[in-house]
Amino acid sequence: MRQELKRELLTERYEPARIEPVVQDHWRDQQTFKVVEDLSKEKFYCLCMFPYPSGRLHMGHVRNYTIGDVIARYQRMQGKNVMQPMGWDAFGMPAENAAIENNVPPAKWTRDNIAYMRGQLQRLGFAYDWDRELATCNPDYYRWEQWFFTQLYEKGMIYRATAVVNWDPVDQTVLANEQVIDGCGWRSGAPVERREIPQWFLRITAYADELLEELDRMDEWPEAVKTMQRNWIGRSQGLLIRFGLSDGSGNLEVFTTRPDTLMGATYMAVAPEHPLAVAAAGRDAQVAELLEACKRQSTSEAILETMEKRGLPLGITVDHPLTGAPLPVWVANFVLMGYGTGAVMSVPAHDDRDFEFAQRNGLPIRQVVKPLDGRAIDITHEAYTEHGLLVNSGEFDGLDFTQAFDAIATRLEGQGRAERRTQYRLRDWLVSRQRYWGCPIPVLYDAEGNVVPETPERLPVVLPEDVAWEGVNSPLRSMPAFTQATLPDGRPGRRETDTFDTFFESSWYFTRFACADSTTGMVDARADYWMPVDIYIGGIEHAVLHLLYARFFHKAMRDAGLVKSDEPFKRLLTQGMVCKETYFRDGDNGRKQYFNPAQVDVELDAKGRAVTARAKADGLPVTIGAVEKMSKSKNNGVDPQALIDKYGADTVRLYTMFAAPPDQSLEWSDSAVEGQFRFLKSLWRQVTEHAAMGVPAEAGSGSDELKTVRRHIHETIVKVSDDVSRRYKFNTAIAAVMELLNHLSRMSVDTAAAHAVRQEGLTTVVLLLAPIVPHITAVLWQALGHTDELSAAAWPTADSAALTRDEVEMVVQVNGRKRAVVRVPAQADKATCEAIALADDNVQRFVVGRETRKIIIVPGKLVNVVVAE
RNA sequence: GCCGGGAUGGCGGAACUGGUAGACGCGCCAGACUCAAAAUCUGGUAUCCGUAAGGAUGUGGGGGUUCGAUUCCCCCUCCCGGUACCA
């Protein structure tokens, strides 16, 4: 039997610490949010990006999960069968860092964090079906991605190739880009080197066209995310051209998307690892020195693209395929061997980077394109990169981009010097990581080093969890019990010690939530009921990598017959960052020592701006840095736990929803939380005082004042419903409810009818706030005399009869400047509106004595009288 | 560098399709209650001129389109996210 919430919770004072645990226990005991497949109801799968168990929840989590919970609870009130699961993205580097620093095994550190953070999520009252919880570090999860890897391997979707990594020569370990600071290892401080090692790749490029074209049909995704994914995939049509080396020793291949500018090519540039550069280094000490310097270059695109562009001539030339003129070949540090052919044709007049390089090195700049509109350009000042008409190109002069592309491509193809190509910026997915705390890649090597994939029946390859850490390297390599293995055919072999990129786990967990307990397969038929995810909510920082990998993985699973949908996420809601000022001091070896906001006192000036900050520990100043995403590395996270302890979960939820719309970045300030607590206290007081007068028997109406109150109630229902369901603007929804409650608190309740209208108003307020502040509303719902559970109540609908108005306000402008506000009958025609507007005294002041040129009327809103100045 | 986003009072933000700029909240000021304080309640609060009525200015900067621009177009500045091994 259903158990009712206890009446004694209705104390005079609002005490969240008392009521919230009772309400949460009630949900748990009643299994309120447990959900099973039910074909009689419309399903709704509401998902937030699962957290990395870093230790404690941060504000970004609270914001993300509150948005999801509001949507899930709203959809539930719409009568849908709502699934909202939660799990843990449990593999990753921080667990290894904790192991190195505190000598605690990554598995224990991770599971302790999960236990603590699960408690925090429960304390926030999120409507999760905890029976579906999963952690990616558990073998019953990762065994299935190992299985899927073996399937992809058989299909030829996986291959082994070399790739460049950051190598720390002192710690003898591979570093993540984040662990390289100013070119040096973050622990050793030693200059980092580039090193090529064999690694595993997934052929995401085989899906490039589908990933790109499907975006056009994903109309419930934000345009910004789709644009970023399109640009990331970067499909371009171009020409692969072979320039003959002048000494006849072979060809230099380049890819260009601008064959129309071929006549403007004045030199060639190759990567430092290019065979031509390496050969030249043997003859030229300066080139050798440059190549040596390039070996210490970063692997990060952001750093490579902003560093100083350097290069040297290699002393060789190629022949221009149209003119036969010799073009010098240079080596340049910004040309990447892993991109295309490792060589580019340089057209300084029409490419910014080529222009900069040519200017710096005194190379010729030759204009071959002019603007379509005939406007003059100065090619000695900056490159002209737009499409235009050809000049200085002999027989091709006067052609536009498309014509020139075609003519030059056809000519070179005829000479056997070129082929048209479609190229992608997208590269195959490098999934190998030289780390311990990850899912073992299920392959072995025989005595000759040949690859032998694991067979499904031998899975999972279990990651040993009881490990001792010495130094900073993965302990797997020095564990014979792990590395020495028998191959499926019985021969002795060696096990791969690399683990998967953690994006591998996060690329399919959402499908597993549909059938998290399945022991018979990666997913089962229940996935067909729940997938795709109806709304996926998470940080905008995942716009490309995670969301592109997940889309790809889902399509690969579809092609393996595991799921039916083409796309995993029907709608995407990208949450803005939760940001906060950073505080730091410059420490030893030039690295910044960051201070948490809780460790710092900030002094404000009269305008409320931060002027100085001091560390609480020593009272000495710290530098106030930029406002950045709350992160572990910048130590600028605000701990939500203190706020939950002080104000309760409802206030924290209310504040994070009120402070900014979900897709905007939120600059954290603790000061405004108090106001949200006040609002809940006031709500509590008004409802309990009202309830003390008894529950009215029937609906009320009558006087004009009551009609106005009822209209406000029903206008608020319309407004909040739209804000919550269509606009996802919870801040304005809350503001509208605040206005309504203010109105209700000021109405005079001297009749039974007024009492009944207030009952209607307060009931509406409680229902509209239920998804946002579920604890206080659950208790107040009963106080208002309802015997059913609020968690089973339906979302309110507006009474159209209550919405009608007799009069509307119209703004009157003269020449676009507001001069008056007048009241007109709601049904007034244009002539009436015009007459009432012109009758206004202040309007007359600006109209009289001037010629009226026209009058613009926007019905129900505005009259603009245009007069001669 | 490149791709994407942003900038509105002292602060967070609102203005949804080109139509009243500043809703709602914080902070601050004044008042009520109190021996006092806290809590609570009431009123005020973009800037400048004005007792007021009202007027002028004002949405990062510069230009444009329009009867009318925070909103559309062009140029610029600064900030944030991503940039393939942080997740």
Side-chain angles (χ1 to χ4, degrees), chain A residues 49 51-52 54 89 92-94 163 165-166 174-180 223-225 227-228 230-232 234 299-307 309 334 352-353 356 426-427 429-430 432-435 501-503 506 539-546 548-549 576-577 579 604-609 626-629 631-633 655 658-661 663-669 671-676 678-679 681-682 685 722-723 726-727 729 731-732 734-739 742 809-818 821 842 845 853-856 858 861-862 864-867:
Chain A
M49 292 180 186
Y52 177 78
S54 54
D89 187 15
M93 282 206 313
V165 295
N166 302 305
V174 175
L175 297 177
N177 285 335
E178 194 189 52
Q179 297 172 312
V180 180
E223 272 317 312
V225 174
T227 305
M228 281 189 267
R230 281 188 191 106
N231 292 336
W232 185 266
T299 59
S300 131
E301 188 195 334
I303 293 172
L304 288 171
E305 288 284 337
T306 49
M307 71 187 178
K309 312 276 184 293
F334 55 84
D352 289 326
R353 199 168 59 177
E356 186 194 333
L426 179 70
R427 309 200 295 260
W429 181 7
L430 197 173
S432 306
R433 295 293 181 270
Q434 294 70 48
R435 306 198 183 284
D501 175 4
T502 56
F503 279 128
S506 57
I540 183 70
E541 71 271 27
H542 296 292
V544 175
L545 289 179
H546 162 61
L548 196 61
Y549 290 140
M577 307 284 150
C579 297
L604 305 179
D605 66 11
K607 292 189 170 182
R609 291 211 172 87
V627 176
E628 292 182 69
K629 171 176 103 167
S631 73
K632 211 151 202 182
S633 58
Y655 174 70
F658 184 68
D663 55 349
Q664 239 174 68
S665 67
L666 186 161
E667 193 179 322
W668 186 262
S669 106
S671 60
V673 181
E674 188 75 38
Q676 307 310 303
R678 275 209 284 270
F679 172 72
K681 278 195 286 190
S682 158
R685 193 182 55 247
D722 188 48
D723 280 351
R726 180 181 65 88
R727 300 178 67 213
K729 294 265 189 191
N731 54 333
T732 51
I734 294 165
V737 177
M738 285 174 168
E739 283 183 84
N742 285 343
E809 282 189 347
M810 287 185 87
V811 169
V812 186
Q813 297 181 333
V814 179
N815 287 354
R817 287 163 182 266
K818 177 182 162 191
V821 178
N842 204 44
R845 282 177 56 205
R853 296 213 165 131
K854 61 175 163 177
I855 296 180
I856 292 150
V858 182
K861 279 192 172 167
L862 170 131
N864 188 15
V865 184
V866 183
V867 299

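Sequence lines set the chain letters: A, B, ... in the order given, protein chains first and strands last, and positions in each chain run from 1.
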[N] versus [M] - spacing of their [atom1] atoms, nearest Å:
| N | M | atom1 | result |
| --- | --- | --- | --- |
| B:rU71 | B:rG61 | P | 11 Å |
| B:rG9 | B:rG4 | P | 27 Å |
| B:rU77 | B:rG62 | P | 15 Å |
| B:rC3 | B:rC11 | C1' | 32 Å |
| B:rG13 | B:rC24 | C1' | 8 Å |
| B:rC74 | B:rG5 | P | 13 Å |
| B:rA87 | B:rC73 | C1' | 39 Å |
| B:rA46 | B:rA21 | P | 14 Å |

Is there a Watson-Crick or G-U wobble partner for [N] with both distances under 3.5 Å, and if so, which one is it?
| N | result |
| --- | --- |
| B:rU34 | none |
| B:rC16 | none |
| B:rG81 | B:rC3 |
| B:rU47 | B:rA56 |

Do you see a donor-acceptor pair shorter than 3.5 Å between the side chains of A:S506 and A:D89? no
How about A:T299 and A:N166: does a side-chain donor come under 3.5 Å of a side-chain acceptor? yes
Write out a two-atom table: protein N or O, nucleotide N or O from nucleotides 62-70 of chain B, distance below 3.5 Å.
unit_1	atom_1	unit_2	atom_2	d
B:rC67	O2	A:N864	ND2	2.3

Between [Y] and [X], is there a side-chain heavy-atom distance shorter than 4.5 Å?
| X | Y | result |
| --- | --- | --- |
| A:E541 | A:H546 | no |
| A:V814 | A:V867 | yes |
| A:W232 | A:L545 | yes |
| A:V865 | A:N815 | no |
| A:Q813 | A:L862 | yes |
| A:M228 | A:E223 | no |
| A:F503 | A:W429 | yes |

If you measure from [atom1] on [X] to [atom2] on [Y], what distance do you get to the nearest 0.5 Å?
| X | Y | atom1 | atom2 | answer |
| --- | --- | --- | --- | --- |
| A:E674 | A:K681 | CD | NZ | 6.5 Å |
| A:K309 | A:L304 | NZ | CG | 9.0 Å |
| A:Q664 | A:K729 | CD | NZ | 6.0 Å |
| A:T732 | A:D722 | OG1 | CG | 9.0 Å |

Run the salt bridge (Lys or Arg N to Asp or Glu O under 4.0 Å) check on A:E809 and A:K861 step by step: do they pass? CA-CA 7 Å; A:E809 282 189 347; A:K861 279 192 172 167; over 6 Å; no
Nearest-Å distance, [atom1] ([X]) to [atom2] ([N])?
| X | N | atom1 | atom2 | answer |
| --- | --- | --- | --- | --- |
| A:M810 | B:rU20 | CE | P | 12 Å |
| A:R230 | B:rG5 | CZ | P | 12 Å |
| A:E667 | B:rA7 | CD | P | 13 Å |
| A:Q664 | B:rG13 | CD | C1' | 8 Å |
| A:L304 | B:rG1 | CG | C1' | 11 Å |

Stepwise side chain to side chain contact (heavy atoms under 4.5 Å, CB included) check, A:V812 with A:K818: CA-CA 6 Å; A:V812 186; A:K818 177 182 162 191; over 6 Å; no
Backbone N or O of A:G816 within a donor-acceptor pair of the A:N864 side chain at under 3.5 Å? yes
Using the test ring-ring contact (aromatic ring centres under 6.0 Å, His included), find all partners of A:F334 that sit at least two apart in sequence or belong to another chain. A:F357
Return whichever of A:N231 or A:L666 has its heavy-atom-nearest nucleotide of RNA chain B closer to the 5' end. A:N231
Is A:K861 near enough to B:rU20 that one of its side-chain N or O atoms lies under 4.0 angstrom from OP1 or OP2? no
A correct 5'-to-3' footprint of nucleotides 76-87 of chain B, with B, S and - meaning base, sugar-phosphate only and no protein heavy atom under 4.0 Å, is ----SBSBBBSB
With sugar-phosphate taken as primed atoms, P, OP1 and OP2 and all else as base, the protein-contact string of nucleotides 22-30 of chain B at under 4.0 Å (heavy atoms; B, S, -) is -BBSSS---
Which pairs, protein N/O on one side and nucleotides 47-57 of chain B N/O on the other, fall under 3.5 Å?
unit_1	atom_1	unit_2	atom_2	d
B:rG54	O2'	A:R845	NH1	3.4
B:rG55	OP1	A:R819	NH1	3.1
B:rG55	OP1	A:N842	ND2	3.1
B:rA56	OP1	A:R819	NH2	3.3
B:rA56	OP2	A:R819	NH1	3.2
B:rU57	OP2	A:R817	NH1	2.8
B:rU57	OP2	A:R817	NH2	3.3

Which label fits B:rG9, syn or anti, where anti is any glycosidic angle not within 90° of 0? syn
Could you run down the sub-3.5 Å N/O contacts of the protein with nucleotides 42-46 of chain B?
none

Show, in sequence, the C-alpha distance, side-chain angles and deciding distance for A:D501 and A:R433, and conclude whether the salt bridge (Lys or Arg N to Asp or Glu O under 4.0 Å) test is met. CA-CA 6 Å; A:D501 175 4; A:R433 295 293 181 270; 3.1 Å; yes
